[in-house]
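None of these values were measured; they are calculated from a predicted model. Naming: A, B, ... by sequence-line order, numbering from 1 per chain.
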Protein chains: 2
Amino acid sequence: MTTRWLSPEEQRAWRAYMAATHLLEDAMDRQLQQDAGMPHLFYSVLANLSEAPERRLRMTDLAETVKITRSRLTYAVTRLERDGLVRREDCRWDKRSSIAVLTDEGMAVLERAAPGHVETVRGTLFDRLTPAQVGQLEEIFTSVARGLQDEAPEAGTGDVPWRRRSSCPSSQPPPASS
Amino acid sequence: MTTRWLSPEEQRAWRAYMAATHLLEDAMDRQLQQDAGMPHLFYSVLANLSEAPERRLRMTDLAETVKITRSRLTYAVTRLERDGLVRREDCRWDKRSSIAVLTDEGMAVLERAAPGHVETVRGTLFDRLTPAQVGQLEEIFTSVARGLQDEAPEAGTGDVPWRRRSSCPSSQPPPASS
DNA sequence: TAGATTTGTTTCAAACTTGAACCAAGAGTC
DNA sequence: GACTCTTGGTTCAAGTTTGAAACAAATCTA
């Protein structure tokens, strides 16, 4: 199969995407390092926790929502825990799992940092887009993310998308599948 | 000024973008590490060099085109040089500069890796987009990149966009501005 | 032209990421 | 219940990134 190279349009799109992505991540990291003393990724961890029921999530689920590896998350949570922004708890129903919980201090830090962060996201991204483009952005990357998602799950296991993950994060025990 | 939070549409777009971006970069890194023994960034360095006149570029210009910091590039080039894919040369016109040159072996490695890389870019991104979306992608990120570009240049210097960079990369001396 | 400033690049230590290996606990099988 | 397989999480060493500091060569200025 001879390679189907990128068309000129695709090339331009790809280059623009990569350039903007590097610049965007740099801007986010700079701002958050400045205002909250942490890289963007760590902020995302806090943000995702803050929206979970009871502000708690199993490590694996958290890694899944943030789209990073478990080991990367382990590092992040260890650091955030050292700083008192997150706490680890054991899961009562599955002794293997550990639950990351956003502490009050973590919530406070998050709330202090959020306005600046949003400001940066606006200034670098949304202020430059028309409402239509916001929609296009969502459509494009939702579809891309979905594609990459459904690929990963250990090769062709007839993986059923609904009913996965026994989820311990809430204070309720799992649905008692017996 | 009370914070203007993101609208639901913007939130969705931002999340989708971040998720897809993490997944995309992971996919690129995995594929290139696998097939070429280097992370995506290093591949980009080689690729950009291969397109420069005489396959050579000043470190600063290279960093600028790849959109990374100079120190990050120093590391990358050092590694690529150790592997014989890139060579450093001194600039005759400006003894401070060093020029990164793509070696024949570097070109060969690049050519071997390119098909797989393009395949990945297609499979993860372009195969999921309509031609219209490719255009939207380009427009959105071109404008974002431009915005972030024009911000960086040391605050409000009446920086003239044309006639910047004395450029030594070619074998010609600079335009003799005297 | 000495002195001050800017520009191009590297260095270095601390921080972060990767991926394979490891450990423990839940599930499935006989 | 012993065996095997899978799942949840961490560990560890090697690799990469960051940002401030250090250098050296150009450029500017009086």
Nucleotide dT17(C), atom C1' - distance to CG of D29(B) in whole Å: 10 Å
Sole residue of L125(B), V118(B), V134(B), L137(B) in side chain to side chain contact (heavy atoms under 4.5 Å, CB included) with E10(A): V134(B)
Nearest listed nucleotide, side chain of Y75(B), among dG15(D), dT18(C), dG19(D): dG15(D)
Atom CD of E9(A): over 12 foreign heavy atoms under 6.0 Å: yes
Whole-Å distance separating the NE2 atom of H40(A) from the P atom of dT17(D): 18 Å
Phosphate OP1/OP2 of dC16(C) contacted by R79(A) side-chain N/O (<4.0 Å): yes
Nearest-nucleotide comparison on DNA chain D, the residue closer to the 5′ end among S71(A) and K95(B): S71(A)
Any T74(B) side-chain N or O less than 4.0 Å from OP1/OP2 of dT10(C): yes
R70(B) CZ to dT16(D) P, straight-line distance once rounded to whole Å: 21 Å
Crowding at CD, Q33(A) (>12 non-hydrogen neighbours, <6.0 Å): yes
Shortest side-chain distance from R96(A), nucleotide among dT10(D), dT9(C), dA25(C): dA25(C)
Distance in angstrom units between L32(A) CG and dT17(D) P, rounded: 20 Å
Residue whose nearest DNA chain C nucleotide is more 5′ - A76(A) or L73(B): L73(B)
Value in whole Å for how far the P atom of dA25(D) lies from CZ of R92(B): 18 Å
d(CD, E64(B); C1', dG8(C)) in whole Å: 13 Å
Under 3.5 Å: donor-acceptor pair, side chain of Q133(B), backbone of T130(B): yes
Sugar-phosphate only, base, or nothing, as touched by S98(A) at under 4.0 Å among non-hydrogen atoms: sugar-phosphate
Atom pair distance, as rounded to whole Å: CZ in R30(B) and P in dG19(C): 8 Å
Touch class at under 4.0 angstrom, heavy-atom based, for L41(A) against every strand present: sugar-phosphate
Sugar-phosphate only, base, or nothing, as touched by R88(A) at under 4.0 Å among non-hydrogen atoms: sugar-phosphate
Shortest side-chain distance from P39(B), nucleotide among dT10(C), dT16(D), dT18(C): dT16(D)
Protein-nucleotide distance (Q33(B), atom CD; dT17(C), atom P), rounded to Å: 16 Å
Selected nucleotide, minimal atom distance to R72(B) side chain, candidates dT10(C), dC16(C), dT18(D): dT18(D)
Nucleotide nearest R58(B) when distance is taken to its side chain, options dT10(D), dG8(C), dT18(D): dG8(C)
Donor-acceptor under 3.5 Å (R122(B) side chain, W5(A) main chain): yes
Nearest listed nucleotide, side chain of S97(B), among dA25(D), dT9(C), dG9(D): dT9(C)
Heavy atoms from other residues, nucleotides or ligands near CD of E81(A) exceed 12 (cutoff 6.0 Å): yes
Touch class at under 4.0 angstrom, heavy-atom based, for I68(B) against every strand present: nothing
